[in-house]
Amino acid sequence: MTEAKVMMTVRKIGERISAIDIAGEVTGAAETPLIEAYTEAGTDANTVVLNFRGLEYMNSSGIGLLVMLLIRAQRQGQKLLAVGLSEHYQEIFQLTRLNEAIALFEDERAALASINVAHS
Amino acid sequence: MMTIPPENASSKPTSSRDAGNWAKPVDRLKVSAAPGSALNLNVDGRQTVNPLKGFGQLWQKTYQVRLSNVTVSPADVVAIWKERFSEFQPPENRFYPSVAGVKPGEVVLINAMTPGGPVSTGVLVMYSDEESFTLMTPQGHPESGWVTFSAFESDDCTVAQIQSLARANDPIYEIAFRLLGSKLQENIWRHVLTALAQHYGISATVDLSKTCLDPRLQWSEFMNVRHNAQMYTLLYTLTLPFRKLVGSRTN
């Protein structure tokens, strides 16, 4: 299988909120780094924000990984949000109807604001 | 304390090299012209569905065949696969690509025969590049999700793979899959890979690995049954003599 051309960086961005910065290519080869990043991000977090600002390429296997991530989040009682998607990738989320399961935001400020509204 | 990194206004790419590989979002499928003798049923006006929307357990199934002792690139394998997609199917599972072929946004009609009777439906070509293509199912299809056909290099050999990520669309299909349907479907994809390997003169074994990613039934999707394509196909088939009779009287 092809080597993963992706970098995942995990950050804590709030009270029980983590972010994963995704840079590079999200293809089937990204499965291990993505799962490892999510495991780290999901520790002590009930919301994980996926930052796609650095996304350069995604194929259908990559979208499949997001589905697997969503299933895992649902089973762990966690919420997934997405930020930084270009117009092109927002269209892909619409095409695959993932936008019905993962809320999309322009940036982290907007995502965090929505969490604060939900909790207030 | 919240930590928000500075936003770089120029960091968003203006175009992506995968842009031409994806279909455009569609609200509902539309078949402009049914190819050949295909029955166009249960596709027009249907929405596409993803692996999160179905009723049944979510399974990921990966079928692989090694094209050993053959010098062929993954891109060449997938090119042949797209060109001869219908021919590699078993006779009871007829696929009818559009005139444009297996390209993003095109609809492939399916007329299949199962132990439960005929089922006419279709799929959307969601994604297509040189080394893979992915089909996405609509409402009423036995499955809710997608299946990816691909080829890649592994240990100096080209491997052809089919990977499905899907749930049964409704309770009727879930029962059918658990009884016999799952085995029948696995036989279909085994047949496809075997036929592909035979195209290259290889008699190879198909390896299958499967994982239940989510064993839960999604009762909120129970009413998907109202779109059940097999039910409508059966109704269409049973009423065909009456419609022909009415048609001949009005002419």
Side-chain angles (χ1 to χ4, degrees), chain A residues 1-2 9 11-15 17 19 21 23 25-29 49 51-68 70-72 74-75 83-102 106-109 111-113 115-116, chain B residues 1-5 7-8 11-19 21-27 47-53 58 60 62 74 104-105 124-129 131-136 144-150 152-155 159 161 163-166 211 213-216:
Chain A
M1 274 288 221
T2 321
T9 309
R11 293 178 286 120
K12 187 172 172 61
I13 60 171
E15 182 78 29
I17 308 169
D21 298 322
E25 301 184 357
V26 177
T27 66
V49 177
N51 180 8
F52 288 100
R53 194 161 290 278
L55 181 63
E56 295 172 1
Y57 178 92
M58 183 161 60
N59 64 8
S60 57
S61 296
I63 274 285
L65 293 183
L66 297 185
V67 169
M68 291 165 64
L70 251 174
I71 295 296
R72 186 167 164 166
Q74 286 172 358
R75 295 186 76 173
V83 304
L85 285 163
S86 67
E87 202 173 305
H88 165 61
Y89 291 115
Q90 285 180 47
E91 276 194 355
I92 291 170
F93 269 60
Q94 284 172 34
L95 165 69
T96 56
R97 298 189 181 275
L98 281 188
N99 62 329
E100 296 171 8
I102 304 177
E106 175 73 19
D107 53 36
E108 281 181 19
R109 281 191 180 86
L112 289 167
I115 297 168
N116 289 338
Chain B
M1 182 180 78
M2 295 186 194
T3 307
I4 302 173
E7 298 288 353
N8 183 347
S11 65
K12 284 188 186 173
T14 53
S15 67
S16 304
R17 56 189 180 84
D18 58 66
N21 299 339
W22 292 91
K24 290 295 179 189
V26 288
D27 185 39
Q47 290 183 336
T48 52
V49 288
N50 66 25
L52 302 168
K53 295 299 286 181
L58 178 61
Q60 180 178 69
T62 307
L124 172 74
V125 181
M126 178 175 97
Y127 180 91
S128 176
D129 65 21
E131 295 183 356
S132 71
F133 58 99
T134 300
L135 307 178
M136 186 175 186
S144 175
W146 47 68
V147 58
T148 298
F149 306 81
S150 63
F152 55 89
E153 293 279 354
S154 175
D155 298 330
V159 178
Q161 175 178 287
Q163 186 173 77
S164 66
L165 182 62
T211 307
L213 298 178
D214 186 4
R216 298 171 298 179

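So that the names make sense, note that chain A is the first sequence line, chain B the second, and so on, each numbered from 1. Nothing here was measured: the structure is a model prediction, and the numbers come from that model.
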Legend entry - Check: B:M126 and A:L95 side chains under 4.5 Å, non-hydrogen atoms: yes
Inset, instruction - Drop me the distance from A:M68's CE to B:Q60's CD, to the nearest 0.5 angstrom. - result: 5.0 Å
Legend entry - Heavy-atom pair with the smallest gap, counting every atom of B:Y127 and A:M58: CE1-O, 4.1 Å
Legend entry - Within-4.5 Å side-chain heavy-atom neighbours: B:T148 and A:N59: no
Legend entry - Part of A:L70 within contact of chain B (heavy atom distance under 4.5 Å): side chain
Inset, instruction - Please examine the side chains of A:I71 and B:L52, heavy atoms only from C-beta on, and report whether any two atoms are closer than 4.5 Å. - result: yes
Inset, instruction - Name the region of A:E100, side chain, backbone, both or neither, that has any atom closer than 4.5 Å to a heavy atom of chain B. - result: side chain
Legend entry - Among B:L165, B:N50, B:D214, the one residue meeting side chain to side chain contact (heavy atoms under 4.5 Å, CB included) with A:V67: B:L165
Inset, instruction - Using modelled atom types only, decide if a donor and an acceptor are shared between the side chain of A:R97 and the backbone of B:T48 within a distance under 3.5 Å. - result: yes
Inset, instruction - Decide yes or no for A:R75 and B:P215: does some side-chain heavy atom of the first lie under 4.5 Å from some side-chain heavy atom of the second? - result: yes
Inset, instruction - Could you look at B:D18 and say if it's the side chain, the backbone, both or neither that has a heavy atom under 4.5 Å from chain A? - result: both
Inset, instruction - To the nearest 0.5 angstrom, please state how far the OG1 atom of A:T27 sits from the CZ atom of B:F152. - result: 12.0 Å
Legend entry - Separation between CZ of B:F133 and OG of A:S60, rounded to the nearest 0.5 Å: 10.5 Å
Legend entry - Residue B:Q47 versus chain A: region with a heavy atom under 4.5 Å: both
Legend entry - Contacting moiety of B:K53, where chain A heavy atoms sit under 4.5 Å: side chain
Inset, instruction - Could you tell me which non-hydrogen atom of B:A19 sits nearest to which non-hydrogen atom of A:H88, and how far apart they are? - result: CA-CE1, 3.3 Å
